[in-house]
Undergrad: 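First the structure, which I've put down as structure tokens, then a few questions once you've had a look.
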Amino acid sequence: MTDHIAATATHANANASPDTPPFDVAIIGGSFAGLSAALQLARARRKICVIDAGQPRNRFAATSHGFFGLDGKSPMEIRDIAMSQLRAYPTVTVRDGWVSHASPSAKSSARSTAATADGDMQFDITINDRDVIIARRILLATGVRDILPDIPGMTDRWGTTVLHCPYCHGYEVRDEQIGVIATMSHSSHQAMMLPDWGPTTYFTQGIHLPDAETHAAMIQRGIVVENSPVVELLGTAPALDAVRLADGRTLPMTAIFTGPKVTMPSPVADMLGCAFDDGPQGPFITVDSTQETSVPGIFAAGDAATARHNATLASAAGVMAGVGVHQSLIFG
């Protein structure tokens with residue numbers, strides 16, 4: 001959702017009006033997953049609050065591809081269309097900002113048995129270190145923060161000529177010179193896919209060398225395996241002309257694919273005690289088949305809750321989470 005979510009030691013419960021009934025659901029994050037979940041809940045006539053700071057992970061990409069019916073539109077345009085459609089539902093509130101604190105309400109008991117007198121749970125959510133809302137459920141759709149390899153020229157090209165998803169961006173660089181800068185053992189899998197789009201060089205960075213079987217498969221696919229590390233990206237950003245190697249050579253290159261490490265941009269899942277799984281790129285929130293986390297009443301969807309990152313998958317998980325939250329409000 002945002003790079004600006006920050007933890008705070010306290011939250012001002014006194015700011016919440018006792019006369020205001022709680023929201024059914026607070027959705028933290030307003031991109032593909034969060035808005036997909038919100039739409040399901042709005043159509044179920046549930047009172048929801050979407051909290052978003054307008055800095056989704058995909059804001060660096062000019063276009064989104066492979067998203068059904070909206071191929072080639074910018075992620076922000078897709079988000080704006082979805083947000084405008086969502087605002088048409090009378091039970092929806094949208095708050096601009098970040099969540100600085102979230103916890104079971106003082107009216108609820110401990111997390112394991114968090115229940116109010118009427119048998120339901122409630123959570124306090126502090127927005128912008130200032131305003132507190134109360135919700136019966138929380139849906140985390142905060143996305144992840146990307147940590148790119150520390151190579152000069154990477155950041156300036158992220159989302160344009162430095163890319164992460166062949167299915168999202170491979171077609172746009174078809175028949176060009178494509179490189180893969182390895183960041184983990186799984187990078188060889190990424191490299192194996194890319195010859196379907198263009199001639200591919202796999203840069204092991206001297207660390208992530210393929211085993212003998214994988215190396216043979218790469219050679220069969222026409223992939224060049226290069227062990228001298230890439231030390232700089234060349235050209236006028238965001239365009240890419242070439243890469244400079246540690247041994248002094250310069251290789252022409254039009255696009256680089258890489259698997260950035262990821263972290264949670266928000267401390268909220270950790271604050272609430274949600275369990276995490278370890279993925280090849282970093283941690284993600286553990287969820288069950290309904291997208292509920294290890295904490296009752298807390299759901300999660302999108303890139304924050306899976307090791308597989310893709311706009312369509314995020315939207316689909318948001319739909320699943322919206323349905324899961326709605327049913328939890330009915331059946332407990």
Side-chain angles (χ1 to χ4, degrees), residues 1-4 31-33 53-67 70-81 143-184 186-187 189-191 193-203 205 223-224 226 229-245 250-263 265 281-282 302-303 308-315:
M1 176 188 69
T2 174
D3 292 339
H4 300 296
S31 191
F32 285 60
Q55 294 189 327
R57 180 192 190 189
N58 55 23
R59 67 189 182 276
F60 299 101
T63 55
S64 175
H65 292 282
F67 196 88
L70 294 169
D71 185 60
K73 289 195 177 293
S74 75
M76 294 306 291
E77 185 179 0
I78 295 172
R79 177 190 177 277
D80 289 346
I81 292 169
V144 295
R145 177 186 293 129
D146 293 298
I147 302 173
L148 294 170
D150 187 16
I151 299 171
M154 294 285 284
T155 301
D156 294 342
R157 295 172 171 84
W158 179 233
T160 305
T161 52
V162 174
L163 307 160
H164 81 288
C165 173
Y167 295 107
C168 303
H169 304 290
Y171 188 81
E172 281 60 52
V173 296
R174 62 194 180 279
D175 302 323
E176 302 288 348
Q177 290 293 327
I178 298 171
V180 176
I181 294 180
T183 58
M184 54 189 148
H186 194 67
S187 293
H189 176 79
Q190 186 182 50
M193 294 190 292
L194 280 162
D196 282 2
W197 287 278
T200 302
T201 301
Y202 177 64
F203 297 100
Q205 297 302 92
I223 298 169
V224 175
E226 178 59 66
V230 174
V231 295
E232 186 181 5
L233 275 56
L234 304 175
T236 303
L240 175 65
D241 296 334
V243 295
R244 191 188 313 281
L245 305 185
T250 298
L251 299 182
M253 204 66 52
T254 304
I256 289 291
F257 284 80
T258 193
K261 299 296 183 182
V262 298
T263 61
Q281 293 178 258
D303 290 357
R308 303 181 70 181
H309 299 161
N310 174 280
T312 304
L313 295 177
S315 181

Undergrad: Which pair of non-hydrogen atoms, one from Pro149 and one from Met154, has the smallest distance, and what is that distance?
TA: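 Answer, listing the atom of Pro149 first, then Met154: CD-CE, 3.6 Å.
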Undergrad: Output the distance between atom CG (Leu70) and atom OG1 (Thr312), rounded to the nearest 0.5 Å.
TA: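 Between Leu70 CG and Thr312 OG1, I get 9.5 Å after rounding to 0.5 Å.
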Undergrad: Roughly how far, to the nearest 0.5 Å, is CG of Leu251 from CD of Glu226?
TA: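 Between atom CD of Glu226 and atom CG of Leu251 there are 6.0 Å.
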Undergrad: What's the separation between atom CD1 in Ile223 and atom CG in Leu194, rounded to the nearest 0.5 Å?
TA: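 Reported to 0.5 Å precision, the distance equals 8.0 Å.
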Undergrad: Among residues at least two apart in sequence or on other chains, which ones pass salt bridge (Lys or Arg N to Asp or Glu O under 4.0 Å) with Lys73?
TA: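 Applying salt bridge (Lys or Arg N to Asp or Glu O under 4.0 Å) to Lys73 gives Glu77.
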Undergrad: Determine, step by step, whether Gln205 and Ile151 satisfy the side-chain contact (heavy atoms from CB on, under 4.5 Å) criterion, reporting the C-alpha distance in whole Å, the side-chain angles of both residues, the deciding distance to 0.1 Å, and the verdict.
TA: CA-CA 11 Å; Gln205 297 302 92; Ile151 299 171; 3.8 Å; yes
Undergrad: Applying ring pair (Phe, Tyr, Trp, His ring centres under 6.0 Å), can you list everything that pairs with Tyr202, at least two apart in sequence or on another chain?
TA: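 Residues passing ring pair (Phe, Tyr, Trp, His ring centres under 6.0 Å) with Tyr202: none at all.
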Undergrad: Is the closest side-chain heavy-atom distance between Phe32 and Pro75 below 4.5 Å?
TA: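 Of all side-chain heavy-atom pairs linking Pro75 with Phe32, at least one is under 4.5 Å.
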Undergrad: For Asn310, give me all partners under side chain to side chain donor-acceptor pair (under 3.5 Å), at least two apart in sequence or on another chain.
TA: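 Testing Asn310 for side chain to side chain donor-acceptor pair (under 3.5 Å), a comparison that skips the adjacent residues, returns none.
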Undergrad: Under the side-chain contact (heavy atoms from CB on, under 4.5 Å) test, which residues partner Ala239, sequence neighbours left out?
TA: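 Ala239: no side-chain contact (heavy atoms from CB on, under 4.5 Å) contacts found.
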Undergrad: Atom OG1 of Thr236 and atom CG of Asp241: how far apart are they, to the nearest 0.5 Å?
TA: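 Going from OG1 on Thr236 over to CG on Asp241, the span is 6.5 Å.
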Undergrad: Show every donor-acceptor pair shorter than 3.5 Å between a side-chain atom in residues 161-180 and any protein atom, with sequence neighbours excluded, or say none if there are none.
TA:
unit_1: Thr161; atom_1: OG1; unit_2: Pro238; atom_2: O; d: 2.5
unit_1: Arg174; atom_1: NH1; unit_2: Tyr171; atom_2: O; d: 2.7
unit_1: Glu176; atom_1: OE1; unit_2: Thr254; atom_2: OG1; d: 3.4

Undergrad: Looking at residues at least two apart in the chain, or sitting in another chain, which of them share a side chain to side chain donor-acceptor pair (under 3.5 Å) with Gln281?
TA: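 With sequence neighbours excluded, Gln281 shows a side chain to side chain donor-acceptor pair (under 3.5 Å) to no residue whatsoever.
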Undergrad: Can you name the salt bridge (Lys or Arg N to Asp or Glu O under 4.0 Å) partners of Asp196, sequence neighbours left out?
TA: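 Asp196 satisfies salt bridge (Lys or Arg N to Asp or Glu O under 4.0 Å) with Arg221 only.
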Undergrad: So, do Ile147 and Pro260 sit near enough that their side-chain heavy atoms are less than 4.5 Å apart?
TA: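 Of all side-chain heavy-atom pairs linking Pro260 with Ile147, none is under 4.5 Å.
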Undergrad: Please enumerate all residues that pass side chain to side chain donor-acceptor pair (under 3.5 Å) together with Asp71, with sequence neighbours excluded.
TA: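 Checked Asp71 against side chain to side chain donor-acceptor pair (under 3.5 Å); matches are His65.
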Undergrad: What distance do Met253 atom CE and Thr200 atom OG1 have between them, rounded to the nearest 0.5 Å?
TA: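 Here the rounded value is 9.0 Å.
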Undergrad: Sequence neighbours excluded, which residues qualify as side-chain contact (heavy atoms from CB on, under 4.5 Å) partners of Val231?
TA: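 Result, side-chain contact (heavy atoms from CB on, under 4.5 Å) vs Val231: Arg244, Ala246.
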Undergrad: Closest heavy-atom contact between Thr183 and Gly259?
TA: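 Smallest heavy-atom distance, with atoms named: OG1-O, 2.6 Å.
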Undergrad: Can you name the closest pair of heavy atoms from Thr155 and Leu148 and give their distance?
TA: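 Smallest interatomic distance, heavy atoms only, reads CA-CD1, 3.9 Å.
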Undergrad: Quick check for you: to the nearest 0.5 Å, what is the distance between Arg59 atom CZ and Arg79 atom CZ?
TA: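 The CZ atom of Arg79 is 11.5 Å from CZ of Arg59, to the nearest 0.5 Å.
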Undergrad: Which pair of non-hydrogen atoms, one from Pro265 and one from Gly143, has the smallest distance, and what is that distance?
TA: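 Closest pair (atom of Pro265, atom of Gly143, distance): CD-O, 3.2 Å.
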Undergrad: Can Arg157 and Ile256 be said to form a side-chain contact (heavy atoms from CB on, under 4.5 Å), step by step?
TA: CA-CA 9 Å; Arg157 295 172 171 84; Ile256 289 291; over 6 Å; no
Undergrad: Would a 4.5 Å heavy-atom cut-off, applied to side chains only, mark Thr263 and Val144 as touching?
TA: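 No, too far: nothing below the 4.5 Å cut-off.
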